[in-house]
Amino acid sequence: MDLFEYQGKQYFSRFGIPVSPGGVAETVDEAVAAADAAGYPCVVKAQVKVGGRGKAGGIKLAATSEEAREHAAAILGMDIKGHTVRRVWVEHASEIAKEYYASFTLDRPNKVHLGMLSAEGGVEIEVVAETSPDAIARLSIDPVRGLDLETARRWVAEASLDPAAREQTAEILCDLYRCYVEGDCDLAEVNPLILTTEGKVHALDAKVTLDDNASFRHPEWDEYAATETEDPREKMAKERGLTYIGLDGTVGIIANGAGLAMSTLDVVNQAGGSAANFLDIGGGANADVMAAALEVINADAKVQSIFVNIFGGITKVDEVAQGILDALGRVDIKAPIVLRLDGTNAAAGRALLAPHLSDRLVAETTMLDAAARAVALAGS
Amino acid sequence: MAIFVDEETEVLVQGLTGGQGRFHGVRNRDYGTKVVGGVTPGKGGQDVEGIPIFDTMHEAVQRTGATASFVSVPPKAATAAILEAAAAGISLIVCITEGIPAHDEARCYNRLVEEYPGTRLLGPNCPGVISPGRCNIGITSGDIALPGGPVGIVSRSGTLTYQALHELSAKGVGQTTCVGIGGDPVPGTNFIDCLEAFEADDETLAVMLIGEIGGSEEERAAGFIREHMTKPVVAYVAGVTAPPGRKMGHAGAIISGSKGTAQAKMDALADAGVTVARNPTEAGERMVDIVRAL
């Protein structure tokens, strides 16, 4: 789960990482109040989970209350790369002397943590990596041993940070690493981490991705769930505990297992159609899960046909079949359903459904035939 | 021969008294796998359909001599169970648990490497390993696999592994071993470990590799294939149509920026001389052609 900047900064604060004082606002009046509280000059920043806000006009400096009002009115509701701005973050403007970059993420090939630190912050790190790779000091961190202050001190020196910033940054890096590990982040990134003209180092931005698998030990993450997605289909799926991603096509997809679900999207595409969604009902899905999945797909007005692609392993096909029958009994499913069922208890599942097959509930024996059928039904 | 497991492998199931552990542990035993015990703290002395339960892995290994374990416990307890198995001297740990936090996996993996270098972890979040007709550890339905070889399968996805077995078995092409390495960001065993083992295995004459978006394991596998594999490889990579920046079900299946796309992986594999298919069915067909021409 990606956090908005303001959520990331609040998350950083918990681990002692310094950020500018400020407030979040959903209306112009709230934004002006936040600006008055933060003090002028202040910055009004669009809260969207996409890069390039500044260039899109989503970050503005305000010297007065009137300017804060003017900027907040312009930014709230603005569209930035398909994301509508629903909130702004207003904080006291910082006098920037230097901009750095710092982040922690998993180094997947080497199965250790990777810290990246650069004296050239404020631009996208991918750009720095291409134009001046030597400007990034990389640190491999053994997840068992972690990061200590001594190592962080050597690291800030190696990255050639300004001497005035080094000790503060070393301490911030240790706190950021603690945020990354104890806070169960996939990514904890500060860009820019700034040195102010007064000689203070603090985080001017926050990019945090949380590991959804760790939510069981972070009840405080519940507050982020409400703002996680704007897609009503995704909200509905999340409430039902389904792994769902909304797409733009017309063939609704239900599959078990992430790989098979992705592959189902691919074969629908190869058959000339396009998927309306990615939906993995997961391992061990039972009748209730299947029924919930059909309800979510049914709520998508664009869906013209539904392709249920199941290869039972942990998931038992007879339970999936029962779920389909339950859903058909409970909900008026608008689009025709194409079934492809194989694997654990597949014979029992097919037998359960056999008496109910019709032109609204079609069974195919192979994945490719089922994809072709679902695409044909979506087109007619 | 087969890789990792064969008819001699003796297995303990950690979590045999749980719903999933019981279903799959008993099913593995019924397939012919030597399931010699189960471990659930506090339930020692009981049995699950005749399979004895022990309180600890240490005791279970001492009493049975098992060398493999099947971890089927919830995410909160899974890495502790893996480390307990390693400390008890288990050499192959198969963990099917989905939903383990990435930081727990990273700590667990590095502790295994540092403290128990002789232990192989398969997974987490994997379907397990099956050497058809010999041994099945995990959640794969044994009846979709066909004994006799000559194809080895390695896959990041559970259900696509079943699909691959199904495609080959339906056409009468058997498998030596089918390994699911799992879809998490820190897999204990990777593609290269499996390719290396298949290359060294006399019975395996060709290998099917099933990848998906995210990370760079397929690209690394391509490098290994180019340098070290003499046996033909057919590959399929899922997620050509996946949108960037979204985790596609598996914690590890995400296109980050322009990194980890299916197309880049397919290109790398094709450059290494691998036959790259567009879908699982086509991968099965290409493999059948290759096996028939051997």
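The basis for the numbers below is simple: all heavy atoms, side chains too, and nothing from hydrogens, waters or symmetry mates. To find a chain, count down the sequence lines: A is the first, B the second, and so on, and within it residues start at 1.
- With hydrogens and angles ignored, the 3.5 Å screen pairs a side-chain donor or acceptor of A/Lys111 with a backbone N or O of B/Pro187.
- Of all the listed residues (B/Gln163, B/Glu212, B/Arg107), the one sharing the greatest number of non-hydrogen pairs under 4.5 Å with chain A is B/Gln163.
- Side-chain contact, A/Asp266 with B/Tyr236: a donor N or O sits under 3.5 Å from an acceptor N or O.
- Of the inter-residue distances, the one linking B/Thr159 atom OG1 with A/Asp342 atom CG reads 12.0 Å to the nearest 0.5 angstrom.
- Atom NZ of A/Lys302 sits in a crowded spot, with more than 12 heavy atoms from other residues, nucleotides or ligands closer than 6.0 Å.
- The parts of B/Tyr162 that come within reach of chain A are both its backbone and its side chain, each placing non-hydrogen atoms under 4.5 angstrom from that chain.
- Contact annotation for A/Val181: both backbone and side-chain heavy atoms come within less than 4.5 Å of a heavy atom of chain B.
- There is no contact between B/Val113 and chain A, counting heavy-atom distances below 4.5 Å.
- Separating the CG atom in B/Leu160 from the OG1 atom in A/Thr264 is a distance of 8.0 Å, to the nearest 0.5 Å.
- Relative orientation of the B/His166 and A/Phe311 rings is perpendicular, given thresholds of 30° and 60° on the angle between their planes.
- Your options are B/Ala102, B/Ser141, B/Gly239, B/Ala170, and the one with the most heavy-atom pairs under 4.5 Å with chain A is B/Gly239.
- Taking all atoms of both residues into account, the shortest heavy-atom contact from B/Arg246 to A/Tyr244 is NH2-O, 4.5 Å.
- Note on B/Glu114, B/Arg27, B/Glu217: by heavy-atom pairs under 4.5 Å with chain A, the leading option is B/Glu114.
- Proximity to chain B involves both the backbone and the side chain of A/Asp184, based on heavy atoms less than 4.5 angstrom apart.
- Counting heavy-atom pairs closer than 4.5 Å to chain A, the top-ranked of the candidates B/Gly215, B/Ser216, B/Pro243, B/Ala242 is B/Gly215.
- Most heavy-atom pairs under 4.5 Å with chain B: of the set A/Arg145, A/Arg217, A/Met367, A/His113, this distinction falls to A/Arg217.
- For chain B, the nearby parts of A/Leu265 are the backbone and the side chain; heavy atoms of each come within less than 4.5 Å.
- Here B/Ala106 is the residue among B/Gly138, B/Ala106, B/Gly211 with the most heavy-atom pairs under 4.5 Å with chain A.
- Taking CG of A/Asn213 as the start and OG1 of B/Thr97 as the end, the distance is 11.0 Å to the nearest 0.5 Å.
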(message) Is there a side chain to side chain contact (heavy atoms under 4.5 Å, CB included) between A/Leu106 and B/Val186? Walk through the geometry before answering.
(response) CA-CA 9 Å; A/Leu106 178 68; B/Val186 193; 3.7 Å; yes
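- Rounding to the nearest 0.5 Å gives a distance of 11.5 Å between NZ of B/Lys247 and OG1 of A/Thr243.
- When the shell of 6.0 Å around CG of A/Asn110 is examined, it contains more than 12 heavy atoms from other residues, nucleotides or ligands.
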Cut-off 3.5 Å, no hydrogens considered: what does the side-chain donor-acceptor table look like for residues 268-277 of chain A, sequence neighbours left out?
| residue | atom | partner | partner atom | Å |
| --- | --- | --- | --- | --- |
| A/Gln270 | OE1 | B/Asn279 | ND2 | 3.1 |
| A/Gln270 | NE2 | B/Arg278 | O | 2.8 |
| A/Asn277 | OD1 | A/Ile253 | N | 3.1 |
| A/Asn277 | ND2 | A/Ile253 | O | 2.8 |

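- Using the six-membered ring where Trp is involved, B/His103 and A/Tyr180 have ring planes that are perpendicular, over 60° apart on the 30 and 60° scheme.
- A/Glu130 CD: 12 or fewer foreign heavy atoms inside a 6.0 Å radius.
- A distance of 8.5 Å separates CD of B/Glu105 from CG of A/Asp211, quoted to the nearest 0.5 Å.
- Residues B/Ala238 and A/Gly259 come closest through the heavy atom pair CB-O, 3.9 Å.
- When heavy atoms are compared at a cutoff of 4.5 Å, A/Leu279 does not approach chain B at all.
- Contact record, A/Phe216 with B/Pro75: CE2-CB, 4.5 Å, taken as the closest heavy-atom pair.
- Contacts between B/Ile100 and chain A at a heavy-atom distance below 4.5 Å involve the backbone alone (N, CA, C, O).
- In this structure, the separation between CZ on B/Arg111 and CG on A/Asp142 is 11.5 Å, given to the nearest 0.5 Å.
- Between chain B and the residues A/Leu247, A/Val112, A/Val144, A/Ile310, the most heavy-atom pairs under 4.5 angstrom are made by A/Val144.
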